[in-house]
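Encoded as structure tokens, the structure appears first; notes follow it.
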Amino acid sequence: MNDTPILSARDLGHAYGSIVALHGVEFDLPPGRIGLVGANGAGKTTLIKILLGILRPTTGSATVLGFDTTKDMLDIRSRIGYMPEDDCLPLDVSASEFIIYAAGLAGLPQNAARQRSSDVLTLVGLEEERFRPLGGFSTGMKQRTKLAQAIVHDPELVFLDEPTAGLDPEGREEMLELISRLGGFGINVLVSSHVLGDIERTCDRVLMLDGGRVLRSGPLSHLVDADVVSVDVLGDVSAVVEHLTAAGATIDAGGSRLLVSSSDDDPFRLVRDALAATGNGMRSLGPKATSLEDVFLEGSET
Amino acid sequence: MTERGVVFDLGYAPHEGERRGRRGAIATTYRDGLFRVLGIHRRARKKILPWLLVIFAILPALVFVGFAFLLSTFAPEAESPFGSHAEYFGITASVVLLFVALGAPELLIPDRREGVLAVYSSRPLRPDDYVGTRTASLLTVIAGFMLIPQVLMYVGFAALSSDGFFRALGTNADEIPRILAAAAVYALAYAPVGLLISTIASRKAAATGIFFGVMLVGTALAAALVEATGVPGHRFAALLGLAEHPTQVSDWIFGRVGSSDLVVARTGFDPWVSLVVVLVVAGVSSTIVVWRYRRIM
């Protein structure tokens with residue numbers, strides 16, 4: 001697998017006058033489906049606009065697919081797609097006309113634009129409605145049209161800004177399903193969202209922003225699994241705690257349930273040894289169930 | 001053996017064909033601009049006004065040539081009473097003024113109001129490319145309004161000439177640069193102002209109204225201010241009549257200075273002053289439009 005970063009930043013910063021939106025942002029993100037997570041005002045949209053070449057960074061630099069965002073804007077825009085959070089659809093043309101136009105704007109010849117428009121509208125489930133004016137579309141249909149314009153030209157990387165905004169539960173499920181499928185088409189994805197559950201559903205890597213800085217960055221599995229073991233002890237809890245502490249484990253105790261971690265050893269092995277040595281049993285044992293939300297809240301509190 | 005159908009899951013196929021990059025993006029935006037101002041690929045009601053204006057611009061030329069044909073058939077010695085190329089600009093200028101009032105807002109305002117600029121911002125297109133191609137679309141249609149009737153008249157009258165078609169074409173060839181120059185002046189006088197107003201206004205109807213206000217009410221106001229003889233420098237108010245300047249320059253190009261009752265001519269301004277006003281207003285307007293789009297794209 002090619003791990004050359006598709007997105008990189010070095011000391012990246014941007015300020016709107018005296019308001020600092022991004023500061024000292026650094027990351028190297030490999031190909032795949034990347035979640036850009038942060039509360040409103042965390043700097044997600046500013047970062048996307050810098051990566052698209054719409055905004056110039058006030059400090060540092062960023063690259064997209066190896067191209068510098070300030071010098072190679074047209075090279076980047078020839079290779080990416082963008083689904084904005086806000087409305088971006090002309091209301092008086094049909095979905096088909098608009099997607100053909102979006103493909104043409106990306107440089108596809110007319111025949112290819114027509115063919116791909118038809119294919120992509122079918123892919124997003126709008127084949128029946130493709131000749132209807134966009135002004136009459138529901139929110140869910142508009143979101144799918146926005147996704148279609150972002151991928152119609154077969155980009156290497158697509159930026160999706162709050163793709164599930166305004167969708168009902170059914171529409172949200174359909175959108176997440178579509179996003180999950182994009183990786184299989186060879187399209188890298190950066191999904192910006194404040195709905196952490198959406199990121200957990202669709203992404204394999206996360207970049208967390210908080211107050212314009214990088215809070216966490218890494219594979220989702222590393223962030224949410226965090227080598228912490230949860231064990232529900234059956235018997236003398238204090239003896240087990242004492243044994244684990246002596247073995248160098250860090251323990252967060254709450255009644256009979258212990259959260260055990262260790263920087264030096266496998267916490268599962270330490271729990272097994274402690275239970276065996278003290279002659280106690282257990283009701284359950286497993287990795288701590290950690291959501292992205294827990295990681296985000298934990299990180300933003302520190 | 002029974003024939004078996006095969007179901008293919010086409011899913012998503014990568015595009016491995018040509019990608020034309022910025023060149024393709026510019027061509028697509030330009031073509032969209034032409035379609036948009038003419039209502040092509042739009043609902044029927046969006047086609048009505050532009051195509052009515054096309055008819056208004058061209059029909060008189062056809063009528064003139066038709067009457068000239070009748071005259072040449074039934075009274076070969078009679079001189080055609082129908083307009084010259086210079087006079088015909090008086091007809092098309094009004095049509096172009098109406099067209100710019102309707103077309104310039106259609107080119108710029110929906111993209112901004114409906115957020116479509118975000119799509120352009122993710123394509124290989126610079127803000128200057130966007131403004132440039134939109135302007136080129138408008139100028140192309142204006143050129144069509146201005147030049148197609150002139151070509152019909154030029155070719156039509158030549159075909160009816162007793163000197164023969166090709167000789168008449170050659171005899172009147174000196175009209176061609178004049179026609180092109182006059183058309184360029186009208187386009188420069190109207191299009192940049194229309195695009196500037198459409199850059200500032202948030203609604204198409206408002207932009208159309210403001211354009212008429214600037215061009216027509218402004219010219220009437222200029223005429224009224226010029227009459228206010230008690231005000232020092234009142235004659236300079238004539239320069240505010242933006243709709244009159246291209247006519248003054250056109251008359252100059254065709255050697256007809258003084259033939260029109262223009263306020264700017266009555267107040268003693270030479271045609272070159274009108275040309276300077278047209279160029280300065282066009283330059284300033286275009287600069288503001290580009291500056292604004294560089295900020296929002």
Side-chain angles (χ1 to χ4, degrees), chain A residues 48-49 52-54 73-94 97-98 100-113 115-116 119-120 122-123 133-135 146 149-156 158-159 161 181-182 184-187, chain B residues 8-36 39-47 106-130 133 204 293-297:
Chain A
I48 288 180
K49 285 186 174 177
L52 284 169
I54 297 171
M73 182 184 78
L74 295 180
D75 289 312
I76 292 171
R77 291 183 179 182
S78 297
R79 292 166 171 80
I80 58 104
Y82 173 47
M83 175 183 175
E85 177 183 6
D86 298 322
D87 289 338
C88 68
L89 306 177
L91 304 179
D92 62 344
V93 299
S94 69
E97 286 289 344
F98 178 61
I100 291 169
Y101 183 50
L105 279 179
L108 266 60
Q110 191 70 1
N111 285 344
Q115 180 61 51
R116 291 196 62 82
D119 292 348
V120 170
T122 301
L123 178 77
L134 290 165
K146 283 162 63 176
Q149 67 78 24
I151 62 173
V152 67
H153 52 297
D154 188 29
E156 293 176 41
V158 64
F159 297 93
D161 197 356
R181 291 177 65 191
L182 292 180
F185 305 146
I187 301 176
Chain B
F8 292 99
D9 179 7
L10 295 175
Y12 180 93
H15 174 70
E16 289 166 354
E18 182 191 5
R19 289 179 190 267
R20 297 184 298 162
R22 181 180 176 222
R23 185 169 50 92
I26 288 173
T28 301
T29 312
Y30 173 72
R31 191 174 58 242
D32 173 73
L34 293 181
F35 285 4
R36 195 179 286 209
I40 298 169
H41 292 170
R42 296 294 197 278
R43 279 178 273 184
R45 66 182 172 83
K46 295 223 168 187
K47 303 181 201 295
E106 190 66 45
L107 277 174
L108 295 183
I109 294 177
D111 282 346
R112 276 204 324 277
R113 273 180 67 84
E114 293 161 355
V116 189
L117 287 185
V119 175
Y120 292 99
S121 297
S122 66
R123 299 300 199 259
L125 199 70
R126 296 178 190 281
D128 295 9
D129 296 334
Y130 175 80
T133 49
K204 289 188 284 185
Y293 272 87
R294 283 180 184 173
R295 287 179 66 88
I296 61 177
M297 276 184 83

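Both the backbone and the side chain of B/Pro14 come within contact range of chain A, judged by heavy atoms closer than 4.5 Å. Using a 4.5 Å cut-off between heavy atoms, B/Arg22 contacts chain A through its side chain alone, with no backbone atom that close. Heavy-atom distances place the side chain of A/Ile187, and not its backbone, under 4.5 Å from chain B. With a 4.5 Å cut-off on non-hydrogen atoms, A/Ala112 touches chain B through its side chain but not through its backbone. With a 4.5 angstrom heavy-atom cutoff, B/Arg31 touches chain A only via side-chain atoms. Of the two parts of A/Met73, only the side chain, counted from C-beta on, holds a non-hydrogen atom closer than 4.5 Å to a non-hydrogen atom of chain B. At a 4.5 Å heavy-atom cutoff, A/Phe159 makes no contact with chain B through either its backbone or its side chain.
Put simply, of A/Gly81, A/Gly186, A/Pro155, A/Ala106, the one with the most heavy-atom pairs under 4.5 Å next to chain B is A/Ala106. For the set B/Asp32, B/Leu117, B/Thr29, B/Val119, the count of heavy-atom pairs under 4.5 angstrom toward chain A peaks at B/Asp32. Contacts with chain A were tallied for B/Gly17, B/Ala27, B/Ala25, B/Pro124; B/Pro124 has the most, counting heavy-atom pairs under 4.5 Å. In terms of non-hydrogen atom pairs under 4.5 Å with chain B, the most contact-rich of A/Ala150, A/Pro84, A/Gly104, A/Ser94 is A/Gly104.
Looking only at distances, no side-chain donor or acceptor of B/Arg126 sits under 3.5 Å from a matching main-chain atom of A/Leu74. The backbone N or O of B/Ser121 lies less than 3.5 Å from a partner atom in the side chain of A/Arg77, making a donor-acceptor pair.
The two residues A/Arg116 and B/His15 make their nearest non-hydrogen contact at NH1-N, 3.5 Å.
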Hey, can you pull the donor-acceptor pairs under 3.5 Å for the side chains in residues 85-93 of chain A, sequence neighbours left out?
unit_1, atom_1, unit_2, atom_2, d
A/Asp92, OD2, B/Arg42, NE, 3.4
A/Asp92, OD2, B/Lys46, NZ, 3.1

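Atom CD1 of residue A/Ile54 and atom OG of residue B/Ser122 lie 7.5 Å apart, to the nearest 0.5 angstrom. A distance of 9.0 Å separates CZ in A/Arg79 from CZ in B/Arg19, rounded to the nearest 0.5 Å.
Using a 4.5 Å heavy-atom cutoff, the side chains of B/Arg123 and A/Gln149 are in contact.
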